Visitor: 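I am attaching a structure below and will ask some questions about it afterwards.
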Amino acid sequence: MRILVTGGAGFIGSAVIRHIIHNTNNEVLNVDKLTYAGNLESLISVSENPRYQFSQTDICDRSALDQLFNEFKPDTVMHLAAESHVDRSISGPYAFIETNIIGTYQLLEAARQYWSSLEAPSNENFRFHHISTDEVYGDLEGTTDLFTETTPYSPSSPYSASKASSDHLVRAWNRTYGLPTIVTNCSNNYGPFHFPEKLIPLMILNALQAKPLPIYGNGQQIRDWLFVEDHARALYKVVSEGVVGETYNIGGHNEKANIEVVQCICELLEELSPTKPEGVAKYEDLITYVKDRPGHDVRYAIDATKIKNELNWVPEESFETGLRKTVEWYLNNSEWVAHVQSGEYQTWVNKQYQVQS
Ligand code: NAD
Ligand code: TYD
């Protein structure tokens, strides 16, 4: 396959590209604007590979996209580029409307124009895989119910509303124009190379720097955590074996309350980094309850039966093994951490958490 990956310098996109280059013979073109969340240092292990190319391009730029389609001639698009952080969508929703909705529209149109020019069987084999989130379903109030592929959409935040919107566009381009699309909706990912504005990397790095561990509200909100490399394997399986027009939910079967997750991180740090910063007796002592996130979704949990039965995918990593690998990775990659924690990152953290505490 010749795979055009958007957002390949981000957390999940870089895991997808590393997976494809290391484990298959496919060619990849990474199309990424390099926002604050994009980091080419996450791709060092593939950057010299002749099957990998990079283009710094905004997916809202239609003429640049047309040129990339005509030059690279992809048979597969994996669309991950997005603004992805809920808290940022609350303080500045416009970037989410622009990239997640308008950008997806521009990419769909560029893909449709290119796909229309293909002869059979290339046009039949073409795939547009849209990577989305379980947050489009809103939240679950019960303790046992799960999101399935037919759960009605009910997004709560500007982020999830913009992703829901992009999912609808993708399905409309399939139904109306016949573009061969597939959609996946995944639960919360964690793992190496995760930008430290999200819960797990933020807590690991704050603890190591003796900063407060800010828990929104009562900390009882539940997320279903999936190790990012399991997600990358699932995405590759879907794009190579999935059925056109279908949706697949992807999840980790690892439901945890936020406070539990933070306590697990503290315990792992006690074991893996016992020499604590001055003034810290126990990492757990840094836990600080702060003002809740507006519109905070209470519980997400995925029913991943369809992808298991139809494509034979199950996660390989348990939360315990995956979290240990993640904490070890952050302890061993201080250079990557130091580079992402500069400039724009400091501005965000100061703005977000001064208001909170
Ligand atoms: P991320 O924020 O780490 O990375 C996003 C990437 O997109 C960055 O490299 C950024 O530079 C790029 N980008 C942003 N705007 C762009 C634009 N206009 N043009 C080109 N590139 C642009 O995000 P992530 O966590 O890797 O998420 C990837 C995708 O997976 C997103 O679509 C997200 O909605 C979805 N998803 C994420 C999770 C999760 O837990 N992180 C779970 C389910 C689904
Ligand atoms: P996050 O990693 O932002 O992912 P999402 O909002 O997409 O699920 O947050 C995960 C959970 O952790 C969510 O319930 C909000 C909570 N949270 C905190 O309690 N404190 C924090 O500082 C952050 C960033 C998140």
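The structure displayed is predicted, hence computed values, not measured ones. When a ligand or atom number is given, it counts from 1 through the structure's own listing order. In this chain, numbering begins with 1 at the start of the sequence shown.
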Visitor: Nearest to atom 8 (C) of ligand 1, what protein heavy atom do you find, and at what distance?
Guide: Asp32 OD2, 3.6 Å

Visitor: From atom 20 (N) of ligand 2, work out which of Pro201, Pro196, Pro214 has a heavy atom at the shortest distance.
Guide: Pro214

Visitor: Hey, is His85 one of the residues with a heavy atom under 4.0 angstrom from ligand 2?
Guide: yes

Visitor: Just distances here: any N/O of Thr133 and N/O of ligand 1 closer than 3.5 Å?
Guide: no

Visitor: Against heavy atoms of Ile131, which atoms of ligand 1 measure under 4.0 Å?
Guide: 30 (O), 32 (O)

Visitor: Which atoms of ligand 2 are found less than 4.0 Å from any heavy atom of Tyr353?
Guide: 21 (C), 22 (O), 23 (C), 24 (C)

Visitor: Kindly confirm or rule out an N or O of Tyr216 lying under 3.5 angstrom from an N or O of ligand 2.
Guide: yes

Visitor: Identify, for atom 43 (C) of ligand 1, the protein heavy atom at the shortest distance, and state residue, atom and that distance.
Guide: Cys186 O, 3.3 Å

Visitor: May I ask you to identify the nearest protein heavy atom to atom 34 (O) of ligand 1, giving residue, atom name and distance to one decimal place in Å?
Guide: Tyr159 OH, 2.6 Å

Visitor: Does ligand 1 have any atom sitting under 4.0 Å from a heavy atom of Asp58?
Guide: yes

Visitor: Heavy atoms only: which of Leu199, Leu80, Asn189, Thr35 is nearest to atom 14 (C) of ligand 1?
Guide: Thr35

Visitor: Distance only, no hydrogens: is a donor on one side chain within 3.5 Å (strictly under) of an acceptor on the other, for Tyr36 and Arg88?
Guide: yes

Visitor: Applying a 4.0 Å heavy-atom criterion (strictly less than), which segment of Val86 is in contact with ligand 2: side chain, backbone, both, or neither?
Guide: side chain

Visitor: Looking only at heavy atoms, is any part of Asn188 under 4.0 Å from ligand 2, and if so is it the side chain, the backbone, or both, or is it neither?
Guide: side chain

Visitor: Identify, for atom 1 (P) of ligand 1, the protein heavy atom at the shortest distance, and state residue, atom and that distance.
Guide: Ser84 OG, 3.5 Å

Visitor: Salt bridge (charged side-chain N to carboxylate O under 4.0 Å, His left out) with Glu27: which of Arg51, Arg2, Lys73?
Guide: Arg2

Visitor: Considering only heavy atoms, does Thr57 approach ligand 1 within less than 4.0 Å through its side chain, its backbone, both, or neither?
Guide: backbone

Visitor: Please could you name the atoms of ligand 1 that Ser187 approaches to less than 4.0 Å, counting only its heavy atoms?
Guide: 42 (C), 43 (C)

Visitor: Determine whether Glu141 and Arg299 satisfy the following criterion, salt bridge (charged side-chain N to carboxylate O under 4.0 Å, His left out), listing intermediate values before the conclusion.
Guide: CA-CA 7 Å; Glu141 282 176 13; Arg299 174 172 167 258; over 6 Å; no

Visitor: If you measure only the distance, is there a donor-acceptor pair under 3.5 Å linking the side chains of Thr148 and Asp303?
Guide: no

Visitor: Could you check whether any heavy atom of Ser132 sits closer than 4.0 Å to an atom of ligand 1, since that is the contact criterion I want to use?
Guide: yes

Visitor: Give yes if a backbone or side-chain nitrogen or oxygen of Thr99 is under 3.5 Å from a nitrogen or oxygen of ligand 1, and no if not.
Guide: yes

Visitor: Would you please test Glu135 and Tyr159 for side chain to side chain donor-acceptor pair (under 3.5 Å) and show each step?
Guide: CA-CA 9 Å; Glu135 302 193 28; Tyr159 163 66; 5.2 Å; no

Visitor: Quick one: which ligand 1 atoms are inside 4.0 Å of a heavy atom on Lys33?
Guide: 16 (C), 17 (C), 18 (N), 19 (N), 20 (C), 21 (N), 22 (C)

Visitor: If hydrophobic clusters are built by linking Ile, Leu, Val, Met, Phe, Trp and Tyr wherever their side-chain heavy atoms come under 4.5 Å apart, do Tyr52 and Leu4 end up in the same one?
Guide: no

Visitor: Nearest 0.5 Å, please: how far is CD1 in Ile250 from OG in Ser187?
Guide: 8.5 Å

Visitor: Is the cationic atom of Arg293 (NZ for Lys, CZ for Arg) positioned less than 6.0 Å from the six-membered ring centroid of Tyr216 and within 45 degrees of its normal?
Guide: no

Visitor: Can you tell me which residue and heavy atom of the protein come closest to atom 32 (O) of ligand 1, and the distance to 0.1 Å?
Guide: Lys163 NZ, 2.6 Å

Visitor: Got the closest protein heavy atom to atom 4 (O) of ligand 1, with its distance?
Guide: Gly10 CA, 3.3 Å

Visitor: Could you tell me which atoms of ligand 1, counted from 1 in the order shown, lie closer than 4.0 angstrom to a heavy atom of Ala9?
Guide: 9 (O)

Visitor: Out of curiosity, is Tyr159 lining ligand 2, as in a heavy atom under 4.0 Å away?
Guide: no

Visitor: Going by heavy-atom distance to atom 3 (O) of ligand 1, choose the closest among Phe11, Phe96, Tyr36.
Guide: Phe11

Visitor: Counting non-hydrogen protein atoms only, what is the nearest one to atom 19 (N) of ligand 1? Give residue, atom name and distance.
Guide: Ile59 N, 3.0 Å

Visitor: Heavy atoms only: which of Gly7, Ala37, Ala82 lies closest to atom 5 (C) of ligand 1?
Guide: Ala82

Visitor: Would you tell me which option among Glu135, His296, Gln352 has the nearest heavy-atom contact to atom 13 (C) of ligand 2?
Guide: His296

Visitor: Just say parallel, tilted or perpendicular for the rings of Tyr137 and Tyr153, cut-offs at 30° and 60°.
Guide: perpendicular

Visitor: Compute the shortest N/O to N/O distance between Leu199 and ligand 2 and return yes if it is under 3.5 Å, no if not.
Guide: yes

Visitor: Provide the number and element of each atom of ligand 2 under 4.0 Å from a heavy atom of Leu202.
Guide: 22 (O)

Visitor: Check for me, please, whether Met1 and Tyr114 land in the same ILVMFWY cluster - side-chain distances under 4.5 Å, paths through other members count.
Guide: no

Visitor: Flag yes if Val136 and Tyr248 sit in one hydrophobic cluster, no otherwise; membership is Ile, Leu, Val, Met, Phe, Trp, Tyr, and two members link when side-chain heavy atoms are under 4.5 Å apart.
Guide: no

Visitor: Can you find an N or O of Glu83 that's nearer than 3.5 Å to an N or O of ligand 1?
Guide: no

Visitor: How far apart are the C-alpha atoms of Arg62 and Asp66, what are their side-chain angles, what is the distance that settles it, and do they pass the salt bridge (charged side-chain N to carboxylate O under 4.0 Å, His left out) test?
Guide: CA-CA 6 Å; Arg62 173 66 196 278; Asp66 285 342; 2.9 Å; yes

Visitor: What are the atoms of ligand 1, with element, lying closer than 4.0 Å to any heavy atom of Gly38?
Guide: 8 (C), 9 (O), 11 (O)

Visitor: Against heavy atoms of Asn188, which atoms of ligand 1 measure under 4.0 Å?
Guide: 40 (O)

Visitor: Quick one: look at Leu34 and ligand 1, take heavy-atom pairs under 4.0 Å, and tell me if it's side chain, backbone, both or neither.
Guide: backbone

Visitor: Do any nitrogen or oxygen atoms of Arg223 come within less than 3.5 Å of a nitrogen or oxygen of ligand 2?
Guide: yes

Visitor: Out of all atoms in ligand 2, which are within 4.0 Å of some heavy atom of Ile215? Include the element for each.
Guide: 19 (O)

Visitor: Could you tell me the residue and atom name of the protein heavy atom closest to atom 26 (O) of ligand 1, and the distance to it rounded to 0.1 Å?
Guide: Ile12 N, 2.7 Å

Visitor: At under 4.0 Å between heavy atoms, which part of Glu197 makes contact with ligand 2: side chain, backbone, both or neither?
Guide: backbone

Visitor: So, applying ring pair (Phe, Tyr, Trp, His ring centres under 6.0 Å) with His85, which one of Tyr345, Trp348, Phe11 is it?
Guide: Trp348

